[in-house]
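To keep things clear, I will list the structure first and then write my remarks on it.
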Amino acid sequence: MKTKIAVAKGDGIGPEIMDAVLGIFKASDVALDYEFVEMGKSYFDAGHSTGMTALAKETIENLGILFKGPMETPKGKGVKSINVTARKVWNTYANQRDFRTLNGVDTVFSRAGIQINLTIVRENIEDTYGGIEHMLTNDVAVGRRLISRTGSAQVIKYAFEMAKRKGNTKIACGHKANIMKLTDGIFLDTFYEIAKDYPQIYATDIIVDDLCMKLVSKPETFEVVVLPNLQGDIVSDLCAGLVGGLGFAPSANIGDFISIFEAVHGTAPDIAGRNIANPTALLLSGVAMLRFMGLTQNAATIENALLYTLEQGVHTGDFGDKTIPASNTKQFADAIIANLGQTPVKGVATSKANFVKSTLAVEKPTQNIIRETEPGIAEEIMGADIFVETMLQPKALAELAQSKLNEKFKLTMISNRGTQTWPTGSVFTELTNQSRLRYEKNDGQELSAKDIFDLASRVSEVINVCSIEFLKKFGGKLGYSLAQGQ
Ligand code: NAI
C-alpha cells in the first residue's frame, strides 16, 4: 500500500532538486505516491493571491503532508510569502531543523574533528511573525509580538517528545526573558512546566545571546534547543553555517494535521535552470519526512547512501574538495542512487523514527480549534496605557494629561520608547514624538472597559491619542511590564 503525499516542485532550482530527490526515492523503492500541486510564483502571477490554486489547497488539506521545493514570493505586490502563509494557516507549530557534521563537507569544525549533531526546534506561528505592525506617528512604528501559553506548549511539548524518541539526554530553552519578561516569560515558564513530564531529559535554559556565543564556540555540547519564532529563525541559520551552509539545512514544519517538509534555502535564482544546484538539503528534508511517516528503513538507506557519497568526495559546485571536479545536480543524485546500500565510515544513520508519527492519524477538524489554559481565570482592570503623539516636554505633558482625570484614575508614569520621563527622568533621555501615559486606578476604585474608553476619549480632547492598551491582573498577577527606570 503506497501512501499519497502532496508535492510542489517550487520555483527557481525547485524543479531540478525535487526531480533529483524523487529519483532517489524511486530508486530506493519508497512506498509513496505523489499528487503534484500547483503552488508558487506562476500561481501568484496568474492571480491566485495565496500563491496556490483552490485544488492545491484542498489536496494538501486532504493528504496532510506537503513536500515542497522553494518558492518565490513576488516582490512589491503586497502579497505575503507563500512559505510563511502555508506554515501559519495550517498551524505547523514546530519547525524542526537537524544539523550534523557531514563528512566531505569542509567546515572549521570538521577540520578540528568536532562532531556536531544538534536539533533546533523553532516555534513557527507566533512572535513577530504575526506581522501585526502599525505606525503610531509618522516617526514611530510598533509591532505586536504575540506569544501564547497554548502555542508555546504545543511546540515545547513537541520538542520534548522528539528528544525522547531520538534518545537525547538534554534540551535547552533559548529565550530573552530577562528583557521580554511577559512574552518570553510565558515561553520559559511553559518550558519548565512541560519539563516536569520528562524527568529523564535534562532541561535547562539559556539567554539567546549567550546561546549564540556557545553555539559557535562549543556546538558539540548542544543536543536539542527550543526557541520562540524570531530567535529560532536566526539561531537555526547560524547552525546551518556551522555544518556547511544552507545547502545542508533541512526543515520540517510539524502540525497536528498537516506537516510540510522543505529545504531551508530559497529558489537560488542566480543558478536556476543550470542543473548545478545542490539537492542535499531537500533530500535531508525528504529523509526527515520518511522518518515522520514511519518509512524509517528507506530513510536510513538513503541517508547512509548520501553520507557515503559525501565521504567519497562527490560534491556539487557550492561545496567540497575543489581538486575533485564538481558533479552537476543529476550526477550527484545518480552517485547517491549508485551508493544505495552502502554504509558510511562515520555517522551511520539509524532507522529510528525521530518524529511523532502518531500525529498523522489525527482526524480532520470540523471547526476551528480554540485553545485556552485556564478558563474563567479572574481578571481585574488596573488602568491603561494611552499612547499619544506629542512634542511637549514631559512636565507639560503630565499637566495636560492630568487635566482630564476623574476620581477613578491617577497618572502614574510617562515613558518614551519604554524609558520613564515623568515623574522622574533624565534630561539626557532623547525623545521621539510619541509618548505613553500610564493611568492607574485610585485605591478603592473598580474599573470597567468603559471607564478606560471614557478616559481615552477625554484625553483625546487635549492630546493626539494613537493607541490604548489595558493594564490587567490575571489570577492576581500583574499582566503588564514596568517602564525602564520605573
Ligand atoms: P537563496 O537561498 O535562494 O540563495 C542564497 C544563495 O545560496 C545564492 O547564492 C544561491 O545560489 C545559494 N543557494 C541556495 N540554495 C542552493 C542550493 N541548493 N545549491 C547551491 N546553491 C544554493 O536565498 P535568496 O536569494 O535570499 O532568495 C531567493 C528567493 O527564494 C526569494 O524569492 C525568496 O523569497 C525565496 N525563498 C524561499 C524560501 C522557501 O521557499 N522556503 C526560503 C528562502 C527564500
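Values below: every heavy atom of this structure, side chains too, minus hydrogens, waters and symmetry copies. Remember, it's 1-based here, ligands and their atoms both numbered in the order they're listed.
Per-atom contact check: atom 20 (C) of ligand 1 touches the protein, criterion being a heavy-atom distance below 4.0 Å. Within 4.0 Å of atom 27 (O) of ligand 1, not a single protein heavy atom is present. Distance check on atom 8 (C) of ligand 1: some protein heavy atom falls below the 4.0 Å cut-off. The nearest protein heavy atom to atom 24 (P) of ligand 1 is not closer than 4.0 Å.
At a 3.5 angstrom cut-off on N or O pairs, A277 does not count as close to ligand 1. Looking at ligand 1, you'll find an N or O of G266 within less than 3.5 Å of one of its N or O atoms.
The shell of residues lying under 4.0 angstrom from ligand 1, judged by heavy atoms, excludes K41. At least one heavy atom of V264 sits under 4.0 Å from some atom of ligand 1.
Close approach of ligand 1 to P269 (heavy-atom distance below 4.0 Å) involves ligand atoms 28 (C). Atoms of ligand 1 lying under 4.0 Å from any heavy atom of E262, numbered from 1 in the order shown and given with element: 41 (N). Applying the 4.0 Å criterion to heavy atoms of K68 picks out, from ligand 1, the atoms 40 (O), 41 (N). The ligand atoms of ligand 1 that sit less than 4.0 angstrom from a heavy atom of E72 are 32 (O). Residue N83 has at least one heavy-atom neighbour below 4.0 Å for each of these atoms of ligand 1: 37 (C), 38 (C), 39 (C), 40 (O), 41 (N).
At the top of the distance list for atom 16 (C) of ligand 1, counting protein heavy atoms only, stands I13 CD1, 4.0 Å. Nearest to atom 33 (C) of ligand 1 among the protein's heavy atoms is M71 O, 4.6 Å. Nearest protein heavy-atom contact of atom 34 (O) of ligand 1 is T73 N, 4.0 Å. At the shortest separation from atom 18 (N) of ligand 1 among protein heavy atoms lies N278 O, 2.9 Å.
Only one option out of V121, I120, V264 pairs with S236 in a side-chain contact (heavy atoms from CB on, under 4.5 Å); it is I120. Exactly one residue among E223, M162, R97 makes a side-chain contact (heavy atoms from CB on, under 4.5 Å) with T119. That residue is M162.
Separation of the F470 and Y480 ring centroids does not fall under the 6.0 Å cut-off.
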Legend entry - Test salt bridge (charged side-chain N to carboxylate O under 4.0 Å, His left out) applied to E303 and R100, step by step: CA-CA 12 Å; E303 194 173 348; R100 59 183 293 195; 2.6 Å; yes

Inset, instruction - Show your reasoning for whether side chain to side chain donor-acceptor pair (under 3.5 Å) applies to R145 and T183. - result: CA-CA 8 Å; R145 179 169 188 260; T183 46; 2.9 Å; yes

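Judged purely by distance below 3.5 Å, without hydrogens or angles, the side chains of T137 and N433 pair a donor atom with an acceptor atom.
Taking the six-membered ring where the residue is Trp, F319 and F332 present perpendicular rings, their angle passing 60° and hence far from 30°.
Taking 4.0 Å as the cut-off between side-chain N and carboxylate O, D19 and K330 do not count as a salt-bridged pair. The pair D233-R87 does not count as a salt bridge, with every side-chain nitrogen at least 4.0 angstrom from each carboxylate oxygen.
Across I271, T267, I276, D270, heavy-atom proximity to atom 10 (C) of ligand 1 is greatest for D270. The option with the heavy atom closest to atom 4 (O) of ligand 1, from among A268, G40, A86, is A268.
Note that CG of D209 and NZ of K214 are 10.0 Å apart. Values are rounded to the nearest 0.5 Å.
Side-chain contact between K166 and D98: present, with at least one pair of heavy atoms (C-beta onward) separated by less than 4.5 Å.
Heavy atoms from other residues, nucleotides or ligands lying under 6.0 Å from NZ of K322 number more than 12.
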